[in-house]
There are 2 protein chains.
Amino acid sequence: MTCAESEPALTPADQKSPLITLTDVAAEAGVGESTVSRVLRNHGSFSEKTRAKVMAAVEKLGYVPNKIAGALASTGSPLVAIIVPSLSNIVFADVLSGVTKALEAKGHQAVFAVTDYDPAKEEALVAAVLAWRPAAVMLVGLEHTDGTRRMLHASGCRVLELLDIDGEAIDIAVGFSHHEAGRQTAARLLESGYRNIAYVGHDLKHDMRSGKRFAGFLEGLANAGLELAEQEIRDAPSSVSEGRAGLADVLSRGRPIDAVYFSNDDMALGGYFHCLAERISIPDQIALMGFNALDICRHTPQPIASVFTPRIETGRRAAELFLEGAPSQVVDLGFTIVAGATI
Amino acid sequence: MTCAESEPALTPADQKSPLITLTDVAAEAGVGESTVSRVLRNHGSFSEKTRAKVMAAVEKLGYVPNKIAGALASTGSPLVAIIVPSLSNIVFADVLSGVTKALEAKGHQAVFAVTDYDPAKEEALVAAVLAWRPAAVMLVGLEHTDGTRRMLHASGCRVLELLDIDGEAIDIAVGFSHHEAGRQTAARLLESGYRNIAYVGHDLKHDMRSGKRFAGFLEGLANAGLELAEQEIRDAPSSVSEGRAGLADVLSRGRPIDAVYFSNDDMALGGYFHCLAERISIPDQIALMGFNALDICRHTPQPIASVFTPRIETGRRAAELFLEGAPSQVVDLGFTIVAGATI
DNA sequence: CACTTCAGTGGCAGCGCTGCCAAAATTTTC
DNA sequence: GAAAATTTTGGCAGCGCTGCCACTGAAGTG
């Protein structure tokens, strides 16, 4: 739960002037401390004349309020913790943007950390951020260690789980169903007449959500009495190169393949590049389908078919729900299959 | 400097149990508060027996130390603020990863914010983060408003400016010279025999660093007595679609062009897609050169020539310098021109 | 054996702010 | 014009922790 880590080296720059405090401002303005506090937070009542005096003193002294002290004195904290699996995937950066944009307008500050898709690290990071007594903790996905869950419950702060709704939410979940996305993708491919379908994916053990899509996809095929013609699951994070190598591998096996479902757009883009390089005609010889509908895949010579996911919206909505003090709930923001030129 | 924004709504979840404090742990363990504090921070001396008692109490009560209180009591703060222009550009996400990875090992916590390339917003965000009394503030680039500089100076905390060294640093700067990168890119293109060179760029007013590369590039051409054959500067953030449209535009003007320098790899990738779509042969008909050496551009059918920039390394190094308490300095991490199949 | 030494410990005063309460100033009311 | 209602204000006790200092008792010293 708590480990005695060795001290972080604190501010090395020695404070030249002992920083201005609220008391200094009060003295300068010739009013009481609480009055300054009220004016600065625009909270409670005070006269216009007082406000002017205080603001003048603040300006003159270059006072910057100390939120650390403020947060300690008032019990609530304006901090929101955001813990994401990775930043190299644009998906999480999008979520982060959405969250911070909605938060900053309300005077909240984001503290954040990256888990590298490691649940144990997530647990450690949750412990670390809880020490800051955040008003809310945002996590990606619904899968967490028991320790993480326990700490989160005990902390009493709001918990927002993002980008997934397939499972049990701790408090609020905002996202969409990956399982359903996988299912519908399969349905769409079948509708278009493809029957020899391959899957090229990445590291399922760590990326739970791509695993859920894969399961949904298989279910979609099974419903039509079909199964995957080929599959290649790379033991690495998703990337263009893995996607390219993965498709190359699948095709090298010689079995006829008329469509390929990739675990996401990075992988699909790699597959697309493989086809371009090998002069494999798309979609005549082979159809490609990705996931996320990244901007980049909309601007390839032939736009790659994909599934649009509301990433920024997920972040924004989560922040809003938290700000509103919404009750525990699961918000399904849905997804949209976008046809490209590749199916 | 400071504005009276209206209150953020604080923790809406009502604390069920008045959270465990260090005093509770001390009582449970039958020792003094300072002893618990010493054990938990592994600081000062205490017996193994005491340590065990304290840890047992911590475990039993599920105590999570309150760093807000800790930071207030000790003057230094283990918070580091990171302010980036954007998150949609992978470059800044990389820097962020580098920074947080190096920081978390040392018990520091990152707080972060996004400016959207707006210096005024940067100033507001600096004011906001300074209220958390961070041990360091990390910013991208060397261009800041006077207000930002003034606040940063007055704060007395370390200031790290990342990804640029062409200019006056406030405290520590870590990065490389964009001007020089532009110059060397021009030299390289000239070396390869190209003479009818075009530039396709994005929004220079906001992205200072791409402006510096452009200036360096022009200088490189001028040194050889040349100037740009064509140029197209999009009034938008860099993206694949802008790059594609930009190149299309330049080529439509009918002037012979044998090489194109793009403001970055996103733009270059767009240009590459345009060539693929229009069956323009690369590099026979036209050579392409980007900037950043993104992974994705290394895996296109023909790898796109680019300039590798040490992004994660910049973040890591900056964090290390801060942790070491290094003196003010400018660290040039350099860059590397990487040949692709497109020049 | 009286002396110093020092690891191990507890007490308590803040850190800079907010929240509460009561006092003071102002306005309203009859 | 005095009383009542209201607005504005200041004082001060914490928030939960750390840093300092003083204290303990066991070990080391001559």
Side-chain angles (χ1 to χ4, degrees), chain A residues 2 4 7-8 10-11 15 17-54 58 61 63-79 107 130-133 155, chain B residues 2 4 7-8 10-11 15 17-54 58 61 63-79 107 130-133 155:
Chain A
T2 304
E7 278 294 75
L10 300 182
T11 337
Q15 319 293 83
S17 49
L19 287 190
I20 316 291
T21 71
L22 183 146
T23 311
D24 301 326
V25 176
E28 173 73 29
V31 300
E33 303 181 21
S34 22
T35 302
V36 176
S37 175
R38 276 186 295 257
V39 170
L40 257 23
R41 288 177 301 147
N42 195 29
H43 180 272
S45 64
F46 45 82
S47 67
E48 183 46 42
K49 214 176 65 182
T50 306
R51 175 202 199 83
K53 278 195 295 185
V54 170
V58 164
L61 300 176
Y63 171 66
V64 177
N66 184 335
K67 296 223 188 196
I68 302 249
L72 181 60
S74 57
T75 36
S77 134
L79 250 25
L130 283 180
W132 290 99
R133 298 289 185 274
S155 75
Chain B
T2 304
E7 278 294 74
L10 299 182
T11 336
Q15 319 293 84
S17 48
L19 286 191
I20 315 291
T21 72
L22 184 146
T23 310
D24 301 325
V25 176
E28 173 73 29
V31 300
E33 302 180 23
S34 20
T35 301
V36 176
S37 175
R38 277 187 293 257
V39 170
L40 257 23
R41 287 178 301 147
N42 196 30
H43 181 273
S45 65
F46 45 84
S47 67
E48 183 46 43
K49 214 175 66 185
T50 307
R51 174 201 201 85
K53 277 196 297 187
V54 170
V58 164
L61 300 177
Y63 170 66
V64 177
N66 184 334
K67 295 222 188 197
I68 302 249
L72 181 60
S74 56
T75 34
S77 134
L79 249 25
L130 283 180
W132 289 98
R133 297 289 185 274
S155 75

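In this text the structure is predicted, and so the values were computed from the model without any measurement. Just so we're on the same page: letters track the sequence lines, and every chain starts at 1. Scope of the values below: all heavy atoms of this structure, side chains included, with no hydrogens, waters or symmetry mates.
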| field | Whole-Å distance separating the CD atom of A/E33 from the P atom of D/dG14 | value | 16 Å
| note | Out of D/dT9, C/dG19, C/dT18, minimum distance to the side chain of A/A73 belongs to C/dT18
| request: Of all the heavy-atom pairs spanning A/I20 and A/L61, show the shortest one and how long it is. | output: CG1-O, 3.6 Å
| note | To the nearest angstrom, the CZ-P distance between B/R133 and D/dC17 comes to 21 Å
| Straight-line distance of A/T50 OG1 to A/R38 CZ, nearest 0.5 Å | 9.5 Å
| query | So which of B/L22, B/L40, B/V39 actually passes side chain to side chain contact (heavy atoms under 4.5 Å, CB included) with B/V58? | reply | B/L40
| query | Nearest nucleotide by nearest heavy atom, which residue falls closer to the 5' end of DNA chain C, A/I68 or B/V36? | reply | B/V36
| Rounded to the Å, how far apart are A/L19 CG and C/dC17 P? | 10 Å
| query | Under 3.5 Å, is there an N or O donor on one side and an acceptor on the other linking the side chain of B/R38 and the base of D/dG19? | reply | no
| For D/dT18, does either OP1 or OP2 sit under 4.0 Å from a side-chain N or O belonging to B/S37? | yes
| Between the side-chain atoms of B/T50 and the base atoms of C/dG8, is any donor-acceptor pair under 3.5 Å? | no
| What nucleotide, of D/dC20, C/dG16, D/dT8, holds the atom closest to the side chain of B/S34? | D/dC20
| request: Could you check A/R51 against A/N42 for side-chain contact (heavy atoms from CB on, under 4.5 Å), going step by step and ending with a plain yes or no? | output: CA-CA 9 Å; A/R51 175 202 199 83; A/N42 195 29; 4.2 Å; yes
| remark: From NZ of A/K53 across to C1' of D/dG10 the rounded distance in Å is 12 Å
| request: Applying side-chain contact (heavy atoms from CB on, under 4.5 Å), run through A/L79 and B/W132 and close with a yes or a no. | output: CA-CA 10 Å; A/L79 250 25; B/W132 289 98; 3.4 Å; yes
| field | Closest non-hydrogen atom pair between B/R133 and A/P65, with its separation | value | NH1-O, 3.6 Å
| query | Of all the nucleotides listed (C/dG16, D/dT9, D/dT18), which has the minimum atom distance to the side chain of A/N66? | reply | C/dG16
| request: Ignoring backbone atoms, establish whether A/S47 has a side-chain N or O less than 4.0 Å from OP1 or OP2 of D/dT9. | output: yes
| Selected nucleotide, minimal atom distance to B/T21 side chain, candidates C/dT18, C/dG8, D/dG16 | D/dG16
| remark: Regarding the side chain of B/Y63, the nearest nucleotide among C/dT18, D/dT9, D/dC17 is D/dC17
| remark: Taking D/dG10, C/dG16, D/dT18 as options, the one with an atom nearest any side-chain atom of A/T35 is D/dG10
| Over how many whole Å does the gap from B/N42 atom CG to C/dA7 atom P extend? | 16 Å
| remark: The nucleotide from D/dT7, C/dG19, C/dT9 with an atom nearest the side chain of A/S45 is D/dT7
| message | I need the CG-P distance between B/L22 and D/dC17, as an integer number of Å. | response | 5 Å
| Side chain of A/V31 (C-beta onward), nearest among D/dG10, C/dG10, C/dT18 | D/dG10
| How long is the line joining NE2 of B/H43 and P of D/dG19, in whole Å? | 6 Å
| D/dC15 C1' sits how many Å from B/D24 CG, rounded? | 14 Å
| C/dG19 phosphate, OP1 or OP2, under 4.0 Å from A/R41 side-chain N/O | yes
